[in-house]
A.B. asks: 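Just passing along the structure, written as structure tokens.
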Amino acid sequence: MPLEVQYHLYAPIGPHNQNALAYQRNVHDLFLPNDFREELQKKAAATLQTLPNTQLPAQVDYFHSLVPLDLNHQKNAAIFGYPSWVYKAQSTKDGSYYALRRLEGFRLTNEKAIRSVQAWKRIASGSMVTIHDAFTSRSFQDSSLIFVTDYHPLSKTLAEQHLSAGGPRFQARHNAHVPEQILWGYITQIANALKCIHSAGLAARIIDPSKILLTGRNRIRLNACAIMDVVQYDAQRSVADLQRQDLVNFGQLILTLGANQPNVIHNPSKAMEHFTRAYSPQLKNTVMWLLGGMQKDQERNIDILINGISSQLMSTFDSALHLDDQLTSDLGRELENGRLVRLLTKLNFINERPEHEHDRQWSENGERFYLKIFRDYVFHQVDASGDPVVDLGHVLTCLNKLDAGTDERITLVSRDEQTCFVVSYKELKKGLESSFQALLRPSRRPH
């Protein structure tokens, strides 16, 4: 088989679905899974969503088209000490979409405080929402502090996923706790974020269910980092002390999720009793070790934690490799689609152009007539009963052979059955390219 033909063959990359029936396999192997495509389309729609007749500012520094992302419209200053709001906005600099977190009523008294964000901008961790900028603004008719971060459409917080009234824990009362393997996945991802943060000489300071985003299936990212470094800049605590506090907050987070108790700090012994009944000794001991993070009797840091949970890290890493294989397989299904779309576009540019209907080269007797009949051969075939043949496999096979320009010959018959061509795909491709190039040449007709 010629090399150019081999290039246009579809060869799905594993993993494979062995349960697909023969008639399903053709379409299944060529396109993204429907649920994955729907998820991507929903995220795209959320990204492009606008809010007409909004009372929000038309412009905030170099951002516009603000859309609020908060589900709870009540003011809450519990986490940062200031009411906090989150918006999606588009940048005038690069056209990309970002999330803006606004701290209402904040007055900057020390320029060095906002410069502390520069160190956070250099951190690149897949387990943390990337921070791009911070500035003050009066666009909201007050003094506000704005943090610019990556925007992850349709993401949820861990509080919304596991602790809210609509969360999964209410769907099965006899199995209310979060599965242990999911908790281990959260632990390894947060540990990964803290490793990057602590190695840079910083501390997360905010490890709270309401500030950790679930951006995909069991895929989480620390959010709202850097904010406390600005808000509490003058309340100096040593970095080592803040990093130990990160470990305690980390342990409280896992205990909160496992015990399904948002206010676990008020009754830790009851929460730990519930946690012990639901989970393995290894997970319990990990949480206990984290909760003892402020103790000075022994050294505690993120590296020691990572060494202690190495077996779970390998399990999470293996799951990530399987997901990478799946995404590569899904992407491979779409590999040829762009090429075929360009080919279809050329065909439709050429066929039945009204301004050329009296031109001999484009007419029913012209050399490009067989491209019109080829279009019927590909898309307008009927069976013995006169019913339309809707066969995606036939369409893709014909287009691939056309694009490759094979020597295979086919018989093309006009609609009135008065004209018949026996032509190769190579000749069809040559006619397609010459016709398309003719369209690109400027017209020499007098105006």
Side-chain angles (χ1 to χ4, degrees), residues 43 79 86 98-99 101 117 119-132 147-162 178-229 239 242-258 283 286-287 289-290 293 300-324 326-327:
K43 287 186 176 182
I79 300 294
V86 184
Y98 296 89
R101 181 176 291 277
V117 176
W120 286 96
K121 291 166 64 174
R122 293 191 289 268
I123 295 181
S125 171
S127 301
M128 190 187 88
V129 177
T130 302
I131 299 166
H132 294 281
F147 287 86
V148 183
T149 66
D150 276 348
Y151 168 59
H152 295 277
L154 300 184
S155 57
K156 292 182 177 181
T157 67
L158 289 185
E160 292 168 342
Q161 177 70 7
H162 298 295
V178 182
E180 179 163 338
Q181 202 54 45
I182 291 180
L183 281 185
W184 278 119
Y186 293 168
I187 289 172
T188 56
Q189 291 174 77
I190 296 172
N192 176 54
L194 291 182
K195 171 66 176 177
C196 292
I197 293 170
H198 290 186
S199 297
L202 300 167
R205 304 184 70 169
I206 298 292
I207 304 177
D208 187 89
S210 67
K211 298 297 177 286
I212 297 178
L213 294 186
L214 184 68
T215 60
R217 184 177 179 183
N218 301 333
R219 181 76 166 85
I220 63 171
R221 302 171 197 264
L222 285 189
N223 194 20
C225 296
I227 294 179
M228 299 306 293
D229 284 1
V239 173
L242 292 172
Q243 290 180 352
R244 286 193 295 268
Q245 185 63 51
D246 278 351
L247 298 181
V248 176
N249 295 343
F250 190 179
Q252 290 176 347
L253 168 74
I254 302 303
L255 183 58
T256 296
L257 296 176
L283 184 54
T286 300
V287 172
W289 186 89
L290 287 168
R300 295 172 188 265
N301 58 49
I302 193 63
D303 291 323
I304 296 175
L305 171 68
I306 290 174
N307 290 333
I309 63 171
S310 57
S311 61
Q312 297 298 332
L313 284 170
M314 295 308 297
S315 176
T316 302
F317 178 63
D318 185 63
S319 298
L321 291 179
H322 282 299
L323 177 59
D324 181 75
Q326 184 63 56
L327 292 175

A.B. asks: Please find the pair of heavy atoms, one from Ser210 and one from Thr157, that lie closest to each other, and give the distance.
C.D. replies: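 Result for this residue pair: O-CG2, 3.4 Å.
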A.B. asks: Work out which heavy atom in Arg219 is nearest to a heavy atom in Gln189; give both atom names and the distance.
C.D. replies: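 Where Arg219 meets Gln189 most closely, the heavy atoms are CA-OE1, 3.6 Å.
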A.B. asks: Can you measure from CG (Leu194) to CG (Asn301) and round to the nearest 0.5 angstrom?
C.D. replies: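 Interatomic distance, Leu194 CG to Asn301 CG, rounded to 0.5 Å: 11.5 Å.
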A.B. asks: Looking at CG of Asp150 and CZ of Arg221, how far apart are the two atoms once the value is rounded to the nearest 0.5 Å?
C.D. replies: 7.5 Å
A.B. asks: Mind checking whether Thr286 and Ile309 have side chains closer than 4.5 Å, heavy atoms only?
C.D. replies: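 Counting from C-beta outward, Thr286 and Ile309 do come under 4.5 Å.
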A.B. asks: Can you find a pair of side-chain heavy atoms, one from Ser127 and one from Lys195, that are under 4.5 Å apart?
C.D. replies: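 A side-chain contact under 4.5 Å is absent here.
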A.B. asks: State whether a side-chain donor-acceptor pair under 3.5 Å links Asp246 with His198.
C.D. replies: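 Result is yes, a qualifying pair exists.
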A.B. asks: Tell me if a side-chain donor or acceptor on Arg101 pairs with a main-chain N or O of Ala224 at a distance below 3.5 Å.
C.D. replies: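 Answer holds: no.
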A.B. asks: If you measure from CE on Met228 to CD1 on Ile206, what distance do you get to the nearest 0.5 Å?
C.D. replies: 5.0 Å
A.B. asks: At what distance, to the nearest 0.5 angstrom, does CD1 of Ile220 lie from CG of Leu158?
C.D. replies: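 Going from the CD1 atom of Ile220 to the CG atom of Leu158 covers 5.5 Å.
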A.B. asks: Please report the interatomic distance CG(Leu313) to CG(Leu305), rounded to the nearest 0.5 Å.
C.D. replies: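 Answer for the CG-CG pair, Leu313 versus Leu305, is 8.0 Å.
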A.B. asks: Just how far is it from atom CG of Asn223 to atom OG1 of Thr130, taken to the nearest 0.5 Å?
C.D. replies: 10.5 Å
A.B. asks: Does any part of the side chain of Glu180, heavy atoms only, come nearer than 4.5 Å to the side chain of Leu283, both counted from C-beta?
C.D. replies: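 A side-chain contact under 4.5 Å exists here.
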A.B. asks: Looking at Lys43 and Pro153, what are the two nearest heavy atoms and their distance?
C.D. replies: O-CB, 3.6 Å
A.B. asks: For the pair Ser315 (side chain) and Ser311 (backbone), establish whether a donor and an acceptor sit closer than 3.5 Å, ignoring hydrogens and angles.
C.D. replies: no
A.B. asks: Of all heavy-atom pairs between Asn192 and Ser125, which one has the smallest distance, and what is that distance?
C.D. replies: ND2-OG, 3.8 Å
A.B. asks: Taking the side chain from Ser199 and the backbone from Cys196, do they hold a donor-acceptor pair closer than 3.5 Å?
C.D. replies: no
A.B. asks: Just wondering, do Arg205 and Asp229 contact through their side chains at under 4.5 Å, heavy atoms?
C.D. replies: yes
A.B. asks: Taking C-beta and beyond as the side chain, do Tyr186 and Leu214 meet within less than 4.5 Å on heavy atoms?
C.D. replies: yes
A.B. asks: Hey, are the side chains of Ile182 and Leu257 touching, using non-hydrogen atoms and a 4.5 Å cut-off?
C.D. replies: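 Side chain of Ile182 against side chain of Leu257, heavy atoms only: no contact under 4.5 Å found.
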A.B. asks: Might you point out which heavy atoms bring Leu183 and Gly258 nearest each other, and give the distance in Å?
C.D. replies: CD1-CA, 4.1 Å
A.B. asks: Given the rule in the side-chain contact (heavy atoms from CB on, under 4.5 Å) test, do Arg244 and Val248 qualify, once you have shown the distances and angles that lead to the verdict?
C.D. replies: CA-CA 7 Å; Arg244 286 193 295 268; Val248 176; over 6 Å; no
A.B. asks: Using side-chain heavy atoms (C-beta onward) and a distance below 4.5 Å, is Leu247 in contact with Ile302?
C.D. replies: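 SC-SC contact between Leu247 and Ile302 confirmed.
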A.B. asks: Of all the heavy-atom pairs spanning Leu242 and Ala203, show the shortest one and how long it is.
C.D. replies: CB-CB, 3.5 Å
A.B. asks: Is any side-chain heavy atom of Ile190 closer than 4.5 Å to one of Ile212?
C.D. replies: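 Of all side-chain heavy-atom pairs linking Ile190 with Ile212, at least one is under 4.5 Å.
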